[in-house]
There are 2 protein chains.
Amino acid sequence: MSRWEPNARERLAKAALELYSERGYERTTVAEIAKRAGLTERTFFRHYADKREVLFDGSNHLQDLFVKAVNDAPESAAPIDIVAAALEAVSEVFVDRRAFARKRQAVITANAELQERELIKLAALSAALTDALRRRGIAEPAASLTAEAGLAVFRIGFERWVAPGEERPMWPLMREALAALRTVAAGA
Amino acid sequence: MSRWEPNARERLAKAALELYSERGYERTTVAEIAKRAGLTERTFFRHYADKREVLFDGSNHLQDLFVKAVNDAPESAAPIDIVAAALEAVSEVFVDRRAFARKRQAVITANAELQERELIKLAALSAALTDALRRRGIAEPAASLTAEAGLAVFRIGFERWVAPGEERPMWPLMREALAALRTVAAGA
DNA sequence: CACCTGATGTCAGTCACTGCCATCGCGTAG
DNA sequence: CTACGCGATGGCAGTGACTGACATCAGGTG
């Protein structure tokens, strides 16, 4: 038997989400999170850079997924179709995660600091997408705009997917948002 | 003669930008900013909610401008043309502010926390634009997407406008980015 | 002249976050 | 088998952002 319980990082993330849900982000101290996870405050900061980051562990994974999907799109695809393919691939991964996503999103929506962190994660994702598109030979500013527009679609689709009462899977919602973007940009 | 020097708020903003430029945001303490402005730390926090906000006093003004321009666009204009009109109106206001904008932007670019704050200000702007578009009868998700796409154009245009060496006025840069968006979204 | 108001100062306190050093079970070189 | 180093953790003091409560005082008001 090892000296410490395993999965310290996961225990911290779980404790944090619980506490943020129960009494709100601001009224939760890092010491409380650590205590619930059976650890100390100092150890929390060894696993997560700050009190917000504990909610954003999945961001890197999402970014990798997006980039991989862009890389895997057919050679001949137009920028907007590459983005569509990436959105479809990413949508698959969220199957069975709606309950967790709703809980997490409720916490984030209730606090401006957490929204800031979410926005910068999305901005990093946008930059990674832009890079991936440029590596496929798409020039600026088309690469940036495609990434930005694609993420706008993702945000709106995700927002609807986690909305209370919504039960459709993610991909159809993404497809709807994408169609709306095409219409708007065409000048309708 | 009054008891205190006037324009405390402006003095704080000026001192903050100077210090953030000189030694970086992180290595500047609020006490130092207050001291340079001839005030105390406590007074700083009476004028600005936090250490970051002192760089974002102009955000509300920008948002008002955007919304007004949307409201003033011709009745018959399509969503994307409303956004174009707003971008043109906003561009006028930045004439003669390039030096200040560059200094401020350099500080923000050098620090992740400041970028977070900038992103949430832009998100608030996006929400305000969405509202304004909806009040003009544009339905969702077209309103959101138009606002998001419009802001993507603004970000890219602004980025180029403050880039070193760039001397063209803002509006032509915005027009170029807008044209690129149309092309991308059309599926080219 | 007495009173009120608004902008500021003072001070103590909380909490996020960091640097430094100590602890100790475990694997491994010798 | 033993000594040694490693890795994850704890303990602790310190800095700095931010807040709440109370004091101060010039100038306007009745």
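These values consider heavy atoms only, across backbone and side chains, with no hydrogens, waters or symmetry-generated copies. Letters A, B, ... mirror the listed sequences (proteins, then strands); counts begin at 1.
For the pair A:Phe44 CZ and C:dT18 P, the computed distance is 11 Å after rounding to whole Å. Here the P atom of nucleotide C:dC17 and the OH atom of A:Tyr48 are 14 Å apart, to the nearest Å. Atom CZ in A:Phe45 sits roughly 17 Å away from atom C1' in C:dC20 (whole-Å rounding). Counting to the nearest Å, the P atom of C:dA16 and the CD atom of A:Glu53 are 16 Å from each other. To the nearest angstrom, P of D:dT19 lies 11 Å from CD of B:Glu41. In this structure, the CG atom of B:Leu39 is 20 Å from the P atom of D:dT24, given to the nearest Å. Separating the CD atom of A:Glu10 from the P atom of D:dA8 is a distance of 13 Å, rounded to the nearest angstrom. In this structure, the CZ atom of A:Arg9 is 11 Å from the P atom of D:dT9, given to the nearest Å.
A salt bridge is absent between B:Arg160 and A:Glu140; no separation between the charged side-chain nitrogens and carboxylate oxygens falls under 4.0 Å. With respect to the salt-bridge test (charged N to carboxylate O, under 4.0 angstrom), the residues B:Arg23 and B:Glu32 qualify. The pair A:Glu148-B:Arg155 meets the salt-bridge criterion, since a charged nitrogen lies less than 4.0 angstrom from a carboxylate oxygen.
Contact of B:Arg46 with C:dG6 (side chain to base): no donor-acceptor pair of N or O atoms is detected under 3.5 Å. At a cut-off of 3.5 angstrom, the base of D:dG16 holds no donor-acceptor pair with the side chain of B:Arg27.
For D:dA8, neither phosphate oxygen OP1 nor OP2 lies less than 4.0 angstrom from any side-chain nitrogen or oxygen of A:His47. Regarding contacts with the backbone of C:dG9, a side-chain N or O of B:Thr43 is found under 4.0 angstrom from either OP1 or OP2.
In terms of position on DNA chain C, the residue among A:Arg52 and B:Ala8 whose nearest nucleotide sits closer to the 5' end is B:Ala8.
Under a cutoff of 6.0 Å and an axis angle of 45°, A:Arg52 and A:Tyr20 do not form a cation-pi pair.
Here the side chain of B:Thr29 is nearest to one of C:dC20, D:dG16, C:dA16, namely D:dG16.
B:Thr109 and B:Gln105 form no side-chain donor-acceptor contact under 3.5 Å, judged by distance and modelled atom types alone.
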